[in-house]
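The block underneath contains the structure these notes are about, expressed in structure tokens.
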Amino acid sequence: MSNSVGAVIVAAGRGTRMGTAESKQYLLLQDKPIIVHTLEVFQRHELISEVVLVTGEEDINRCREWVQVYKLDKVKAVVPGGSERQHSVYKGLKSLGTEWVMVHDGVRPFVQASEINACYEKARETGASVLAVPVKDTIKQVDGTGKVLSTPDRRSLWAIQTPQTFRLSELLAAYDAAERDGFLGTDDSSLAERSGIPVSVVEGSYRNIKLTTLEDLDFAEFTERNRGED
Ligand SMILES: Nc1ccn([C@@H]2O[C@H](COP(=O)(O)OP(=O)(O)OP(=O)(O)O)[C@@H](O)[C@H]2O)c(=O)n1
Ligand SMILES: C[C@](O)(CO)[C@H](O)COP(=O)(O)O
């Protein structure tokens, strides 16, 4: 148990921005569902001892079948998610039994093994970590009418990805507090931050995109065809 590392892979979303009939995590990439590509990265990684997969209630059976077919024996549980990502993560966390947890989006299949190592090392060193990349564009804060309000200094802006790595007990406490306070965040770190957990960024790669809209699928096809093991 000491310093054991588990992963919660969330895949209970509907993929409305992708707009496909099939939920994006189940679309095929080189003949294999995207969620399987993601699970395989964690299955292969020597740090990871246990994986919890969170899916839609109606997808549990097919996901359990893929766990068998693709020999994903680190997947210890496939559990139903909730209406928001945060609710899905919370359910996954409650089914995990490791000291550390990496929360990862099921639709980020291009995370590298070396990035998982770097995230874990940073979390051990500083308390918690998130994989991230410096923003490439200039970012502006804009009001509801389209009026530009400010231009934050880009040097302090990072686009946040997953995995996000925490001590499981600390993240669960942060999730309990968020539920109590009715706080809804778009990532796990925002819940940890408000609980006073120090979180550090680990610089990752622009390839670790979250497959969100249709044009991301072209990138995914290209990247999967040219993927090498790191
Ligand atoms: N209720 C939810 C919502 C999202 N997710 C998961 O969280 C990850 C990131 O979410 P996002 O890309 O926003 O996925 P969707 O919610 O499916 O997309 P959309 O917002 O376009 O509907 C995805 O792997 C998604 O399946 C989840 O497990 N449960
Ligand atoms: C967690 C996340 O992937 C970090 O970029 C992101 O915040 C998820 O947000 P979404 O609203 O579910 O796309």
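Counting starts at 1 for both ligands and their atoms, following the listed order. Side-chain atoms are counted along with the backbone in the values below, which use heavy atoms only and exclude waters and symmetry mates.
Within the 4.0 Å heavy-atom criterion, both parts of Arg85, backbone and side chain, lie near ligand 1. Heavy atoms of Arg17 found under 4.0 angstrom from ligand 2 belong exclusively to the side chain. Residue contacts with ligand 1, taken as heavy atom pairs separated by less than 4.0 Å, do not involve Ser23 at all. Contacts between His87 and ligand 1 below 4.0 angstrom, taking non-hydrogen atoms only, are absent altogether.
Listed by atom number, the atoms of ligand 2 under 4.0 Å from Ile160 heavy atoms are 4 (C), 5 (O). Distances below 4.0 Å separate heavy atoms of Ser83 from the following atoms of ligand 1: 1 (N). Proximity to Gly106 (heavy-atom distance under 4.0 Å) selects the following atoms of ligand 1: 24 (O). Those atoms of ligand 1 that come under 4.0 Å of a heavy atom in Gly82, given as number and element, are 1 (N), 2 (C). Residue Arg108 has at least one heavy-atom neighbour below 4.0 Å for each of these atoms of ligand 2: 2 (C), 3 (O), 4 (C), 5 (O).
Among protein heavy atoms, atom 8 (C) of ligand 2 sits closest to Thr186 O, 3.5 Å. Distance from atom 22 (O) of ligand 1 to its nearest protein heavy atom, with residue and atom name: Thr16 OG1, 2.5 Å. Scanning the protein for heavy atoms near atom 24 (O) of ligand 1, the closest one is Val10 O, 2.8 Å. When hydrogens are left out, the protein atom nearest atom 8 (C) of ligand 1 is Asp105 OD1, 3.4 Å; that is the closest non-hydrogen contact. Ranking the protein heavy atoms by distance from atom 29 (N) of ligand 1 puts Ser88 OG, 2.7 Å first. Nearest to atom 12 (O) of ligand 2 among the protein's heavy atoms is Arg85 CD, 4.0 Å.
Taking the charged nitrogens against the carboxylate oxygens, Lys122 and Glu125 do have a contact shorter than 4.0 Å, which makes a salt bridge. Under the 4.0 Å criterion applied to side-chain N and carboxylate O atoms, Lys32 and Glu224 are not assigned as salt-bridge partners.
Heavy-atom proximity to atom 18 (O) of ligand 1, evaluated over Lys24, Arg14, Met18, is greatest for Lys24. Closest heavy-atom approach to atom 10 (O) of ligand 1 within the set Glu84, Lys91, Lys210: this belongs to Lys210.
At least one donor-acceptor pair under 3.5 Å links the side chain of Lys74 to the backbone N or O of Gln43. Remark: the backbone N or O of Phe183 is paired with a side-chain donor or acceptor of Gln86 at under 3.5 angstrom. In terms of modelled atom types and a separation under 3.5 Å, the side chain of Ser88 and the main chain of Gly81 share no donor-acceptor contact.
For Val107, the closest heavy-atom approach to ligand 1 falls below 4.0 Å. The shortest separation from a heavy atom of Gly15 to ligand 1 is under 4.0 Å, placing the residue in contact. Distances shorter than 4.0 angstrom do not occur between any heavy atom of Arg108 and any atom of ligand 1.
A donor-acceptor contact closer than 3.5 angstrom is absent between the side chains of Thr20 and Glu22. Between the side chains of Asn3 and Glu99, no donor N or O sits under 3.5 Å from an acceptor N or O. Residues Glu50 and Thr98 have side chains that never bring a donor and an acceptor to within less than 3.5 angstrom of each other. With no hydrogens or angles considered, a side-chain donor-acceptor pair links Asp187 and Ser190 at under 3.5 Å. Side chains of Thr145 and Lys147: a donor-acceptor N/O pair is absent below 3.5 angstrom, by distance only.
When Asp59, Leu53, Leu27 are each tested for a side chain to side chain contact (heavy atoms under 4.5 Å, CB included) with Ile35, only one passes: Leu53. Results of the side chain to side chain donor-acceptor pair (under 3.5 Å) test with Asp105 over Gln25, Lys210, Arg85, Gln164 single out Arg85 as the only residue that passes.
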Item to check | Audit row: Arg194, Asp181, salt bridge (Lys or Arg N to Asp or Glu O under 4.0 Å) steps and yes/no | outcome: CA-CA 11 Å; Arg194 65 189 292 282; Asp181 302 343; 2.9 Å; yes
Item to check | CA sep, side-chain torsions, deciding dist, call: Glu179, Lys91, salt bridge (Lys or Arg N to Asp or Glu O under 4.0 Å) | outcome: CA-CA 12 Å; Glu179 170 142 299; Lys91 292 186 173 192; over 6 Å; no
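Looking at Lys210 next to ligand 2, an N or O pair under 3.5 Å apart turns up. Taking distance alone, with nitrogen or oxygen atoms compared against 3.5 Å, Gly13 approaches ligand 1 more closely than that limit. The shortest N/O to N/O separation between Ala12 and ligand 1 falls below 3.5 Å. The shortest N/O to N/O separation between Arg17 and ligand 1 falls below 3.5 Å. Taking any N or O of Leu211, backbone or side chain, none lies under 3.5 Å from an N or O belonging to ligand 1. For Asp105, a nitrogen or oxygen atom sits less than 3.5 Å from a nitrogen or oxygen atom of ligand 2, counting backbone and side chain alike. Ligand 2 has no N or O atom lying under 3.5 Å from any N or O atom of Gln161, backbone or side chain.
Ring-plane geometry between Phe110 and Phe219 is classed as perpendicular, the angle between the planes exceeding 60 degrees on a 0 to 90 degree scale with a lower cut at 30. Ring geometry for Tyr120 against Trp100 counts as perpendicular: the plane angle is over 60°, on a 0 to 90° scale with 30° as the lower cut.
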